[in-house]
Protein chains: 2
Amino acid sequence: MAATRRPTLADVAREVGVSAKTVSRVLNEDGPSSPQTRERVLAAVAKLGFQPNLMARNIRVGGPDTTVGLVVPDLGNPFFGTVAGGMEDVVRGRGLTLLMGSSAEDPERERVLTETFLARRVSILMVVPAFGADHRYLKVPRAAGLPVVFIDRPGVGLSTDCVVSSNRAGVHDGVSHLAAQGHRRIGFIGDLPAKLYTRRERLAGYTSALEEAGLPYDRALVTGAHGQETAAAATTKLLALADPPTALFAGNNIVAMGVVAQLTRAGRKDVALVAFDDLPLAEVLEPALTVVAQDPAAIGEAAARTALARLDGDRSRARTVTVPTRLVVRASSRPPRRGRTPAEAGS
Amino acid sequence: MAATRRPTLADVAREVGVSAKTVSRVLNEDGPSSPQTRERVLAAVAKLGFQPNLMARNIRVGGPDTTVGLVVPDLGNPFFGTVAGGMEDVVRGRGLTLLMGSSAEDPERERVLTETFLARRVSILMVVPAFGADHRYLKVPRAAGLPVVFIDRPGVGLSTDCVVSSNRAGVHDGVSHLAAQGHRRIGFIGDLPAKLYTRRERLAGYTSALEEAGLPYDRALVTGAHGQETAAAATTKLLALADPPTALFAGNNIVAMGVVAQLTRAGRKDVALVAFDDLPLAEVLEPALTVVAQDPAAIGEAAARTALARLDGDRSRARTVTVPTRLVVRASSRPPRRGRTPAEAGS
DNA sequence: GTGAAAGCGCTAACAC
DNA sequence: GTGTTAGCGCTTTCAC
């Protein structure tokens, strides 16, 4: 089975005995065409298995491609998949196709992927910035009218639209809830690196909640993790402190899984826990996990709507859309054990 | 901020005072070029923010685009995200970019997405077929040399490479394990619709394991679900039978979550459970979940390698690659309660 | 209702 | 080392 050349418009035209332009007219429902030619063109298209070459078309038409490029740091994280799903639902209504690629949280790969999207002239570019990436190179395409939206974290060196969760307020709610339950030593296990936007924002929510509750900030109670294993290790470390926490706040879904796993392995059901971002089985865990739920689909939808407005000529100042989080109280955020002071809890 | 036209090769050439071809030579490291012109071209490129139009390039060169198109039915399911990650790792080494889009398990959307990939002349097409889709329209592009690989399920009407999990053998192992624990009434909750490839294959593993164990096949013990809620309902239904199962087999990760949730809500820790496909928190559940683990990254890698071999001229017959599953025994597959017959278990 | 010619942005094939 | 010409597959423009 030799690799035959893909048929072109000209091939179809030759087959039918008309000009290329006539075939083009029929296929794009441009200008008029007699029913007979229409018929015969369609037949030839089917016979040859002709598929118009969109690249050639776009080149001639000059406009952008009817695609939306989305760069995410991790294809396996359902959070980003759900964000993408929300986006898709919105852009599809405009005839746009969402194409997603992964940066693997690597600035270099993010850049390469972004450039291939630019080189393919996507209509909209959505990016979940990898830590350490610099986005100044997006200034020119953006100035040329390409809508660029950052998701989950703001980009660096480029002022453009951005859609994020209410990180501060969400964590504030979760930590306040723990404080209201009577916890006075609350550990925080955030993202890594510590300078990551979501880590900083969520930590700010943590500190403001402590302050509001009149609790002291203890640097020893704050740490970070990347991946389940390091989150488990961080849990162990915090609980081994001389004056250990009676409650933990997990800064994201992956960290939460590591913490839950470690608490289970260690048999520490006495330690309260609240996690940022919901987990599919949160309510089934024992104890059921209290979470600050994000709304990834809403994030995707908001990003898509913002970008479409830009496409429609919205030239207003770059805005940041904050999608609210929601505290879902389940069993894991119970009060500290009665009759035991934090100092005794580890014994 | 008016939408300025994106600069072209000709713009750069004009800026420098050379011909377009010279700029092209510099950028593609084609033919020779003096260090001075090189320098000045690069400067102009940076100044104008020129980004080559890959569509125009591909058109001229005639070859396919350096992209791999992947169609999945659900962006939010980490199984497919992990498959994509495995693929990416392999194709990136060949300078190919993986682009993923969602069919939402809808044959029509699958077709539209696939056609846009074809129209953009991807180098490789990977598809997780939506239920009910017909893939005969892929015959022409495939005959023209486009590698097409089906993932997770075979396509319909097109004989081409396919990469799947060892569904039958995997389920056989899981059900045999339950039988070996002493279970004689084992419920099966598979995918929906019942004609879905994975459902049929997994059910075949179930029946063969029953047969091997000398257990009768009871139609009342076999059902299906799509989504967590229906899986929970199916669980309730099975457990309400006059002669209920003492063990359940969940046919996929989503079904497993629904079953686990329902068993937990109902407080039915006496019911044994084995699930197809691992869950992130499987070992942390109570009881820890016994699973037949798939290897999604390996599936993606195998698919990518197969497709690359085709790209390299492999013209051998279409083959089906089966990626082995692995039984991970945890606590949830414990023996039935002693001293109680199945008939008493519901009381 | 249809066709011929020109051109989108780029590169192959040849000049010089 | 560099420029010219032609042409990829398609659509625009203008003719008939």
Side-chain angles (χ1 to χ4, degrees), chain A residues 4-42 44-45 48-66 115-116 118-122 140-141 144, chain B residues 4-42 44-45 48-66 115-116 118-122 140-141 144:
Chain A
T4 49
R5 200 175 50 84
R6 303 277 286 271
T8 75
L9 247 201
D11 295 328
V12 178
R14 202 170 310 118
E15 176 83 14
V16 182
V18 295
S19 78
K21 178 62 213 180
T22 299
V23 178
S24 168
R25 264 197 275 261
V26 171
L27 294 180
N28 296 310
E29 292 175 346
D30 193 24
S33 55
S34 78
Q36 301 99 299
T37 31
R38 218 186 117 67
E39 194 77 10
R40 293 169 58 216
V41 164
L42 261 20
V45 164
L48 299 180
F50 169 74
Q51 308 248 175
N53 186 328
L54 251 193
M55 297 192 288
R57 170 173 220 288
N58 284 335
I59 263 243
R60 180 66 254 239
V61 174
D65 194 10
T66 56
E115 307 245 71
T116 101
L118 292 176
R120 287 178 180 79
R121 300 298 189 259
V122 291
V140 171
Chain B
T4 49
R5 197 175 54 83
R6 304 276 286 270
T8 74
L9 248 201
D11 294 329
V12 177
R14 202 171 309 116
E15 175 83 14
V16 182
V18 295
S19 78
K21 179 65 211 182
T22 299
V23 178
S24 168
R25 265 197 274 261
V26 170
L27 294 180
N28 296 309
E29 294 176 345
D30 193 23
S33 55
S34 80
Q36 301 99 298
T37 35
R38 218 187 116 69
E39 195 76 9
R40 294 169 55 215
V41 165
L42 262 21
V45 164
L48 299 179
F50 168 75
Q51 307 250 173
N53 186 328
L54 251 192
M55 296 193 287
R57 171 175 219 286
N58 284 335
I59 263 240
R60 178 67 254 236
V61 174
D65 193 9
T66 57
E115 306 245 70
T116 102
L118 292 175
R120 286 177 180 78
R121 300 296 190 259
V122 291
V140 171

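Naming convention: chains lettered A, B, ... in sequence-line order (proteins, then strands); numbering from 1 in each chain. Owing to the predicted nature of the structure, the values given are computational and were not obtained by experimental measurement.
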Quick one: [X] [atom1] to [N] [atom2], roughly how many Å, whole number?
{"X": "Arg5(B)", "N": "dC8(C)", "atom1": "CZ", "atom2": "P", "answer": "9 Å"}
{"X": "Ile59(A)", "N": "dA6(C)", "atom1": "CD1", "atom2": "C1'", "answer": "15 Å"}
{"X": "Asp11(B)", "N": "dC8(C)", "atom1": "CG", "atom2": "P", "answer": "11 Å"}
{"X": "Leu54(A)", "N": "dG9(D)", "atom1": "CG", "atom2": "C1'", "answer": "12 Å"}
{"X": "Leu27(B)", "N": "dA12(C)", "atom1": "CG", "atom2": "P", "answer": "13 Å"}
{"X": "Gln36(A)", "N": "dG1(C)", "atom1": "CD", "atom2": "C1'", "answer": "10 Å"}
{"X": "Leu9(B)", "N": "dG7(C)", "atom1": "CG", "atom2": "P", "answer": "18 Å"}
{"X": "Asn58(B)", "N": "dA12(C)", "atom1": "CG", "atom2": "C1'", "answer": "15 Å"}

Hey, which of these two, Lys21(B) or Arg57(A), hits DNA chain D nearer its 5' end, going by closest nucleotide? Lys21(B)
Using heavy atoms to find the nearest nucleotide of DNA chain D for Gln51(A) and Ala20(B) separately, return the residue whose nucleotide is more 5′. Ala20(B)
For Asn58(A) and Met55(A), indicate whether the former's side chain and the latter's backbone hold a donor-acceptor pair under 3.5 Å. no
Give Asn28(B) one of three labels, base, sugar-phosphate or nothing, depending on what nucleic acid heavy atoms sit under 4.0 Å from its own. sugar-phosphate
Check every atom of [options] against the side chain of [X] and return the nucleotide holding the closest atom.
{"X": "Ser33(A)", "options": "dG3(D), dG9(D), dT2(C)", "value": "dT2(C)"}
{"X": "Asp30(B)", "options": "dC8(C), dA12(C), dG3(D)", "value": "dA12(C)"}
{"X": "Thr22(A)", "options": "dC10(C), dT11(D), dT2(C)", "value": "dT2(C)"}
{"X": "Ser24(B)", "options": "dG9(C), dG3(C), dT11(C)", "value": "dT11(C)"}

Note, Asp30(B) side chain near Lys21(B) side chain (heavy atom, < 4.5 Å): yes
Are any non-hydrogen side-chain atoms of Arg120(A) and Asp65(B) less than 4.5 angstrom apart? yes
What I want to check is whether an N or O donor and acceptor connect the side chain of Arg60(A) with the base of dG7(C) at under 3.5 Å. yes
Can you find a donor-acceptor N/O pair under 3.5 angstrom joining the side chain of Arg25(B) to the base of dG1(D)? no
Per side-chain contact (heavy atoms from CB on, under 4.5 Å), Arg40(A) is matched among Thr22(A), Val26(A), Val16(A), Val12(A) by Val16(A)
Does OP1 or OP2 of dG9(C) have a side-chain N or O of Thr8(B) closer than 4.0 Å? no
Tell me whether the OP1 or OP2 atom of dT2(C) has a side-chain N or O from Ser34(A) closer than 4.0 Å. yes
Provide the closest heavy-atom pair for Val140(B) versus Leu48(A) in the form atom of the first, atom of the second, distance. CG1-O, 3.9 Å
Report the residue (Arg6(B) or Thr37(A)) whose heavy-atom-nearest nucleotide on DNA chain C is the more 5′ of the two. Thr37(A)
